[in-house]
Amino acid sequence: MRILMVCLGNICRSPLAEGVLQHKAWKAGLQWSVESAGTGAWHAGEPPHHLSIKVAKHNGVDISKQRARQFVKEDFLNYDFIYVMDSSNYIDVKQMSGKLWKEDKVDLLLNELYPGENRAVPDPWYGKEDGYHTVYELIDKACDKIIEKHIAENTRYEVGSKK
Ligand code: 4NP
């Protein structure tokens, strides 16, 4: 399973989402590869924002070795699922993907917690440290849900296949 987390700059939100889901997947014994990208290229090659690194570290997750990159349409071929942080990321990814776009491969991350509500993970870029903690908590809960859902679906499948 390969999952891509996408935001605008790939330095605040999606690096946290990458780090948190990868960490939870490892802990759950899942062979998942989680990566991230930004729809914009301004920060390509840079490490995550120092406050994202700090808040992740505070929660036991090391994201300091990540480097930002821009989303490319071929990501649709290389990942099983793409989570975006807000509706403008969704529109940008759709536009950038052209013919490779597949609606069933993309969703807003918070739709895992609030299905169909299209709530945004708020962009902390212009704010202070508390915004990064808020973002962390939202991402943490959404990633718990992703893992729980995956385990529940697989368990159901195994039970069903024995019949
Ligand atoms: P992110 O936050 O999309 O969560 O990485 C941002 C980072 C940088 C910029 C905007 C949002 N920027 O305009 O450079």
Side-chain angles (χ1 to χ4, degrees), residues 1-39 43-44 46-86 89-90 93 97 100 102-124 132-161:
M1 181 84 148
R2 298 199 71 197
I3 295 176
L4 186 68
M5 299 291 192
V6 175
C7 64
L8 178 59
N10 193 207
I11 56 166
C12 300
R13 293 167 293 174
S14 59
L16 281 173
E18 172 185 334
V20 170
L21 187 60
Q22 184 69 77
H23 186 76
K24 288 181 188 295
W26 279 330
K27 280 210 308 196
L30 299 169
Q31 305 288 313
W32 288 7
S33 169
V34 187
E35 289 169 25
S36 65
T39 55
H43 299 282
E46 293 178 18
H49 191 282
H50 69 98
L51 289 174
S52 286
I53 292 177
K54 182 180 174 183
V55 169
K57 192 176 174 191
H58 175 77
N59 288 282
V61 179
D62 179 11
I63 63 166
S64 64
K65 291 177 194 69
Q66 293 182 25
R67 294 295 177 264
R69 73 161 175 92
Q70 189 173 26
F71 173 83
V72 291
K73 61 176 180 285
E74 291 75 19
D75 286 330
F76 262 93
L77 305 174
N78 295 329
Y79 293 90
D80 300 302
F81 204 82
I82 298 172
Y83 285 106
V84 296
M85 301 299 123
D86 62 35
N89 305 150
Y90 188 94
V93 164
S97 304
L100 294 179
K102 278 203 169 75
E103 194 165 320
D104 61 356
K105 265 199 182 186
V106 188
D107 202 1
L108 277 82
L109 181 65
L110 292 192
N111 278 343
E112 291 290 345
L113 287 176
Y114 311 103
E117 293 189 22
N118 295 337
R119 291 197 201 184
V121 177
D123 193 342
Y132 289 79
H133 287 283
T134 305
V135 162
Y136 189 93
E137 281 164 27
L138 287 168
I139 287 173
D140 188 63
K141 284 189 193 126
C143 292
D144 275 340
K145 194 81 182 184
I146 292 169
I147 303 266
E148 272 168 31
K149 207 172 79 175
H150 177 83
I151 290 172
E153 279 167 5
N154 278 20
T155 307
R156 257 206 314 278
Y157 175 75
E158 280 168 25
V159 170
S161 66

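Treat the numbers as computed from the prediction; the structure is a model and nothing was measured.
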Exercise. Rounded to the nearest 0.5 Å, what separation is found between the CG atom of Leu109 and the OH atom of Tyr114?
Worked result: 11.0 Å

Problem set entry | Exercise: identify the closest heavy-atom pair between Thr39 and Asn89 | CG2-O, 4.2 Å

Problem set entry | Any side-chain heavy-atom pair of Trp32 and Asp80 under 4.5 Å | no

For this session: Work out which heavy atom in Tyr83 is nearest to a heavy atom in Glu112; give both atom names and the distance.
Result: OH-OE2, 2.6 Å

For this session: Check the surroundings of atom CD in Glu74: do more than 12 heavy atoms from other residues, nucleotides or ligands lie under 6.0 Å from it?
Result: yes

Exercise. Do any N or O atoms from the side chain of Asp86 and from the backbone of Val121 form a donor-acceptor pair under 3.5 angstrom?
Worked result: no

Exercise. Between Glu18 (side chain) and Ile3 (backbone), is there a donor-acceptor pair under 3.5 Å?
Worked result: no

Problem set entry | Min side-chain heavy-atom separation Leu110-Glu117 under 4.5 Å | no

Exercise. For the atom pair CG (Asn118) and OH (Tyr90), what is the distance rounded to the nearest 0.5 Å?
Worked result: 8.0 Å

Exercise. Do Asn154 side-chain atoms and Ile151 backbone N/O form a donor-acceptor pair below 3.5 Å?
Worked result: no

Problem set entry | Spacing of SG belonging to Cys7 relative to CG belonging to Leu16, to within rounding of 0.5 Å | 9.0 Å

Exercise. Do the side chains of Leu51 and Pro124 get nearer than 4.5 Å, heavy atoms only?
Worked result: no

For this session: State whether the side chain of Gln70 and the backbone N or O of Gly38 hold a donor-acceptor pair below 3.5 Å, judged by distance alone.
Result: no

Contacts table for residues 53-61: side-chain donor-acceptor under 3.5 angstrom, sequence neighbours left out:
unit_1	atom_1	unit_2	atom_2	d
Lys54	NZ	Glu129	OE1	2.9
Asn59	ND2	Val55	O	2.8

For this session: Find the distance between CZ (Arg13) and CE (Met5) and round it off to the nearest 0.5 Å.
Result: 12.5 Å

Exercise. What distance separates Cys12 SG from Tyr132 OH, expressed to the nearest 0.5 Å?
Worked result: 3.5 Å

For this session: Give the minimum heavy-atom separation between Ser14 and Ala37, together with the two atoms involved.
Result: OG-O, 3.5 Å

For this session: Search all heavy atoms of Ser36 against all heavy atoms of Asn10 and return the closest pair with its distance.
Result: OG-ND2, 2.9 Å

Problem set entry | NE2 on His23 to CD1 on Ile147, rounded to 0.5 Å | 10.5 Å

Exercise. Can you find a heavy atom in the side chain of Met1 that is under 4.5 Å from one in the side chain of Ser33?
Worked result: no

For this session: Mark yes when over 12 heavy atoms from residues, nucleotides or ligands other than Glu103 sit less than 6.0 Å from its CD; otherwise mark no.
Result: no

Exercise. Do Asp75 and Arg69 have side-chain heavy atoms sitting under 4.5 Å apart?
Worked result: yes

Exercise. Is any side-chain heavy atom of Phe81 less than 4.5 Å from a side-chain heavy atom of Asp107?
Worked result: yes

Problem set entry | Non-hydrogen atoms of Ile11 and Ala68 that approach each other most closely | CG2-CB, 4.1 Å

List, one per line, each side-chain donor-acceptor pair under 3.5 Å for residues 134-146, sequence neighbours excluded.
unit_1	atom_1	unit_2	atom_2	d
Thr134	OG1	Asp130	O	3.1
Asp140	OD1	Lys24	NZ	2.9
Asp144	OD1	Lys24	NZ	2.8

Problem set entry | Lys105 (side chain) donor-acceptor with Phe76 (main chain) under 3.5 angstrom | yes

